[in-house]
Structures are given as structure tokens and as C-alpha cells.
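Notes follow the structure.
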Amino acid sequence: MKQFLNFINGEFVATSKTFENRAPVDNSVIGLVHEAGQAEVDAAVKAARAALAGDWGQLSVVKRVDMLNAVADEISRRFDEFLEAELADTGKPHSLASHIDIPRGAANFKIFADIIKNAPTESFQMTTPDGGTAISYGVRVPLGVVAVVCPWNLPLLLMTWKVGPALACGNAVIVKPSEETPATATLLGEVMNTVGIPKGVYNVVHGFGPNSAGEFLTRHPDVDGITFTGETRTGEAIMAAAAKGVRPVSFELGGKNAAVVFADADFEKAVAGVTRSAFENCGQVCLGTERVYVQRPIFEKFVNALKEKAEVLKIGPSNEPGVGLGPLISSEHKAKVLSYYAKAKAEGANVVTGGGTPTMSGKYAEGHFVQPTIWTGLPESSPIIREEIFGPCCHIAPFDTEEEAVRLANDTPYGLATSIWTSDLSTATRMANSVHVGLCWINSWFLRDLRTPFGGSKASGIGREGGVHSLEFYTDLRNVMIKI
Ligand code: NAD
């Protein structure tokens, strides 16, 4: 049976308490995960602190950059192993993980290696009251020991999105992967050793949230900062833990994202874009669309076109050719999504398509598959429209005016992302200025330039990561003033 061990101070560490890691495609046991207790978390934090005081803390930026590039190259060399591990843990289509998850997992080290090499700081010269001169300049120093708490929907990609900049800035990290997806974070430990990243710089502790590795780590007094991606509710718990010691947090949280389709949009492109944003990764993308607003003249046509796209999506396991929709991550998550499917019906939604589970054959009948689902006809007050479901589903409602579209898009506690579909540049830019989100796509979705800021507004996050913006969290900016 495969064992997923903790990675502490450059070594793989077993514990006496294990839990099963199951495959979403057929619910079979992939292996046993060794849960870290307080002692393992303490050891990982101690190792990280020692690395900062030792070799890693002394390393020049140039050498650090070389090492991060080597990490990226080693992930690429072991591409198939990372891909296989991610597919087993998530069940997502091969086409998706091979195109996005693993390449981006490697790219995250390269981009931040480049950024740190070229990052400037500010400098000012001023006249002093005695007629002399003073010069101030900024120095960026590492934040220190950073806890990285990760979700399961894009395990390697979202973890390296934080570990890449953290290491580029000279920090040491302790990663707590999701209990659902322990594999690629563990595999990355081997990569770190192969390329000679000093012991204690990259650590992994496995386990759950409350009363387990997640809580032990985020409450640990020797952790200097916490970067977290996951549910808003979990963010609130972590923020409370971080309050002790006034430690900084960087949060990428949940969303209830709107797509707004104007009647003048390129119809085919808008339908294709919303098909992706609603159903990609089985709807388990924080940036995904669960609320679609379509201008009334094309409403019926749009609903029918999206229905057609949803109904031809092939549902199945990762390696089956042509599969566009994999399973949900777990039986618990499937139960949650299906409870929303039931609630939508109970609230009187018009079920345009889906609303249940597909019939799967053989061992896949045990998998966590659900149908892609589209609803219309619910009031904006419905939980279906207000709460993040995180499944392959969306509600479509008509709108008449641009003002109404802005009001509907903003009528949510979340503020992560939106996508606007229109051929009028003025409409697009007015909408981009008015919708309260961290990420606004025009005639596109999930298009990313890694140099740009990424993050959510309102209940969708705190801070921005990406490009030089990551330096804001992963470094401490010190001002030095010289009296000449
Ligand atoms: P989650 O919040 O349940 O878990 C995330 C991580 O936090 C896991 O590793 C979990 O073990 C840990 N955790 C849970 N409770 C904890 C606690 N009290 N203390 C410390 N750690 C704790 O989220 P999830 O279900 O893994 O991921 C899905 C969620 O993530 C969705 O809400 C989605 O929108 C969000 N998400 C956001 C972004 C973004 O960029 N904004 C990206 C991906 C996912």
C-alpha cells in the first residue's frame, strides 16, 4: 500500500496515525497518509527556523534563483510522475492536468525566480533641516517561517503559486496540503532533495484542519505568516489563529462569480467561454461561474446553447479519451453538491439540464460523478444564487440594462472574479470599473499572465499575489535612512 509521509528537515517522516487517501473516480484506496501531530509540526517549524539561520539564509539571490530554476526543471523531468499523482488524487481529465496543473506547477518556480532577480526597491533623497542631505532606500528581507495551507482543487498549481514566491524571497515554508490531495506536495519533497535545496527550507505536514496539522501549524507561535487558499469560513478560523502575535495573512478564498453576457457579444465565443467557466474541473475552480446573467434579447438562445454544450460533455475517468468532466473530489463534496441540486428543485427552479448523477459503469459507479446542471427561474435571494456550491452547475437569469447587470453582479458577499462578454469596448471598460472583484475578464476566462496581481475582494480574500505583488506578503520592507 502506498504511504504518503510527512517531509520534515529533508527527510520523510512516518507517524503512527494514518488515514486513507481515496481516488475520486472509483472511491478505491490509493494509499495511507501519515497524519502529523503537534510534535511533527513543531519539528517542521524548528527545521524551517534553522534553515533560515543556516545555509539558506546566507545564500545569494543568484544562487537561490538557480536552485528554483532547477526545481522547475526537475518537476518537468518528472512530469509523468507528477501528472499520475495528480490524476489519482483528483480524478480530473488528463487533458486538463497535463495542460494546466503540472506545467503551471513548474512555471511558478521560474516566474518568481525571474521576478526576484529583477525586483527593484525605492530610494529617496531629501534635504535635512540643517541644510544637509539624507538618502533613504528600501531593503526587502524575508518574512521568515511561512505556513502554506492549501486546497484540493488544483493541488500542485496552487501550492507552488505560494511556495515559489516564498522561496524566491528567501523564506522557509511548511506546507499543509489538503487531506484530499497529499501526493504532489510529498513528491515535491523528493525534488527539493534532488536539486539540493537545503534541509528545512521546504517541509510538508499532512492532516486535517481543526485539531490536526492545519490548526497546529497556523496556531504555532514561531510561524511568521500564513498564506492560505480555501473556503472563506476556514479563512476566518485561520485569521483568528493569526491574530495571536499579530501575524500577517494572505488569503485566496471562495467566490460566487458572475458571468455577464451582453446581446452584442460574439455568441459562439461567449457560449464556449461560459461552458468552460461553469464546468471546467467539474466546477471546482474558485474562479468558476455559478451565476450567469444574459441580456434578454439572447436569453432563450443562450440557455439552449449552453444546455447543448453541457449535454455533450463526456463524463468519465481521467485517461479516457475525450473526457471533459471528471468526478467531484470526495463523497462528502458530492453529497454537498447534490444537496444543492435537491434544494434548487425544492425552491422551484426550472432544471434546464442535469440535476442528478450520471449512470456510470463498472467500478466508476462508485466514483463521485454528478451531472453538469443548469437552472433558470430562481429569485436572487435563493441559496443557489447566494452560496458557493463548487460543482458543475450554474443559474442563468436575464437582465435588461447595464446598470441592472452591475447591480446583479455585485449583489454577493464575494468578490473574486467576473467575466464580461460584449463586443463594445466602452461597455466592457465601464463594467470592469463597476464590478467589485479582484479579477475581471473581458471576452475570456482564466486567462492568466503570472506577472499580474491575483486575489479577491470582499469575502474572497486579503491581499494580492502574482508578479511583484507577491513580494508584498513574502518580504518585509525595511527603510534605511542615511544622514550624509
Ligand atoms: P477548505 O477551506 O476546506 O480547506 C483548505 C485547507 O485548509 C485544507 O488543507 C484544510 O485541511 C485546511 N483547514 C481546514 N480548516 C482549517 C483550520 N481550522 N485551520 C487550519 N487549516 C484548516 O477548502 P477546500 O475545500 O480544500 O477548497 C475549496 C475552497 O477553496 C473553495 O471555497 C474555493 O473557492 C476556494 N479556493 C479559492 C481560490 C482562490 O484563489 N481564491 C483557489 C482555489 C480554491
Side-chain angles (χ1 to χ4, degrees), residues 19 21 24 33 35-36 41 89-90 100-101 104 108 147-162 174-182 184-185 204-220 223 226-244 247 249-257 277 280-290 328-330 332-337 387-391 412-418 437-439 446 448 453-466 470:
F19 60 92
N21 177 25
V33 189
E35 185 178 351
V41 172
D89 269 3
T90 63
I100 294 186
D101 295 67
R104 267 286 305 279
N108 284 340
V148 181
V149 183
C150 307
W152 44 257
N153 59 332
L154 296 135
L156 182 72
L157 187 159
L158 291 173
M159 187 260 286
T160 55
W161 176 243
K162 292 169 176 301
I174 300 111
V175 173
K176 210 301 275 169
S178 167
E179 52 273 35
E180 306 287 356
T181 52
T184 45
V204 180
V205 291
H206 290 298
F208 305 86
N211 203 26
S212 182
E215 186 177 332
F216 300 151
L217 180 61
T218 51
R219 286 199 180 280
H220 202 292
V223 164
I226 302 161
T227 177
F228 166 72
T229 303
E231 282 189 35
T232 298
R233 216 178 20 179
T234 312
E236 288 170 351
I238 292 179
M239 202 164 173
K244 181 94 180 149
R247 290 158 316 145
V249 294
S250 174
F251 282 173
E252 290 170 359
L253 307 176
K256 188 72 184 177
N257 311 303
S277 70
E280 190 147 284
N281 206 30
C282 201
Q284 303 167 115
V285 182
C286 54
L287 310 163
T289 301
E290 290 188 355
L328 294 168
I329 191 71
S330 63
E332 292 78 15
H333 191 50
K334 181 180 178 182
K336 176 185 161 184
V337 171
E387 296 168 14
E388 183 185 50
I389 301 171
F390 223 53
T412 168
Y414 294 106
L416 186 53
T418 195
V437 287
L439 297 149
F446 213 161
R448 289 279 299 134
F454 179 96
S457 304
K458 295 156 73 179
S460 292
I462 296 179
R464 296 290 181 270
E465 296 194 19
S470 290

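When a ligand or atom number is given, it counts from 1 through the structure's own listing order. What you see below is based on every heavy atom in this structure, not just the backbone, and it leaves out hydrogens, waters and symmetry mates. Note that the coordinates shown come from a computational prediction; the quantities given were computed from them, not determined experimentally. Position 1 is the first residue of the sequence; numbering continues from there.
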Checklist entry - Under the side chain to side chain donor-acceptor pair (under 3.5 Å) test, which residues partner Ser178, sequence neighbours left out? => result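 By the side chain to side chain donor-acceptor pair (under 3.5 Å) rule, Ser178 matches no residue at all.
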
Checklist entry - For Glu465, which residues count as a side chain to side chain donor-acceptor pair (under 3.5 Å) partner, sequence neighbours excluded? => result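 Glu465 satisfies side chain to side chain donor-acceptor pair (under 3.5 Å) with Lys162, Thr227, Ser250, Tyr474 once adjacent residues are dropped.
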
Please confirm whether [X] comes within less than 3.5 Å of ligand 1 when only nitrogen or oxygen atoms on both sides are compared.
X	answer
Cys150	yes
Ser460	no
Trp152	yes
Thr234	yes

Can you name the atoms of ligand 1, numbered from 1 with element, that are less than 4.0 Å from a heavy atom of [X]?
X	answer
Gly214	19 (N), 20 (C), 21 (N)
Glu215	19 (N), 20 (C)
Phe454	40 (O)
Val149	6 (C), 7 (O), 9 (O), 12 (C), 21 (N)
Phe208	11 (O)
Leu158	42 (C), 43 (C)
Ile238	19 (N), 20 (C), 21 (N)
Thr229	5 (C), 36 (N), 37 (C), 38 (C), 39 (C), 42 (C), 43 (C), 44 (C)

Test item: [X] side-chain N/O and [Y] main-chain N/O as donor-acceptor pair under 3.5 Å:
X	Y	result
Glu388	Lys256	no
Arg219	Ile238	no
Thr218	Ala241	no
Asn281	Asn153	yes
Ser212	Gly209	no
Arg104	Leu156	no
Ser460	Gly254	yes
Asn257	Thr289	no
Lys458	Thr412	yes
Glu280	Val285	no

Next on the checklist: Heavy atoms only, cut-off 4.0 Å: how does Leu217 contact ligand 1, side chain, backbone, both, or neither?
Outcome noted: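 It is neither; nothing of Leu217 touches ligand 1.
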
Item to check | Part of Asn153 with heavy atoms under 4.0 Å of ligand 1, whether side chain, backbone, both or neither | outcome: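 Contact part for Asn153 vs ligand 1: side chain (C-beta onward).
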
Among all the protein's non-hydrogen atoms, which is closest to [atom], and how far away is it?
atom	result
atom 27 (O) of ligand 1	Pro151 CB, 3.3 Å
atom 28 (C) of ligand 1	Phe390 CE2, 3.6 Å
atom 32 (O) of ligand 1	Glu388 OE1, 2.6 Å

Given [options], which has its nearest heavy atom closest to [atom]?
atom	options	answer
atom 37 (C) of ligand 1	Leu253, Leu157, Leu154, Leu416	Leu253
atom 39 (C) of ligand 1	Ala417, Ala241, Cys286	Cys286
atom 35 (C) of ligand 1	Gly255, Gly235, Gly230, Ser178	Gly230
atom 23 (O) of ligand 1	Glu231, Lys176, Glu179, Glu332	Glu231
atom 16 (C) of ligand 1	Gly461, Gly209, Gly288	Gly209

Can you tell me if [X] has a non-hydrogen atom under 4.0 Å from ligand 1?
X	answer
Gly456	no
Pro177	yes
Phe228	yes

Item to check | Mutual orientation of the aromatic rings belonging to Phe208 and Phe19 [parallel < 30°, tilted 30-60°, perpendicular > 60°] | outcome: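 Plane angle between 30° and 60°, so tilted.
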
Item to check | Heavy-atom protein neighbour under 4.0 angstrom from atom 11 (O) of ligand 1 | outcome: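 True for atom 11 (O) of ligand 1.
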
Item to check | For Met239, the option from Ile462, Ile226, Thr234 that meets side chain to side chain contact (heavy atoms under 4.5 Å, CB included) | outcome: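 Looking at Ile462, Ile226, Thr234, the match for Met239 under the side chain to side chain contact (heavy atoms under 4.5 Å, CB included) is Ile462.
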
Checklist entry - So with a 6.0 Å cut-off around CZ of Arg233, is the heavy-atom count from everything else above 12? => result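 No - once you tally the heavy atoms of other residues, nucleotides and ligands closer than 6.0 Å, there are 12 at most.
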
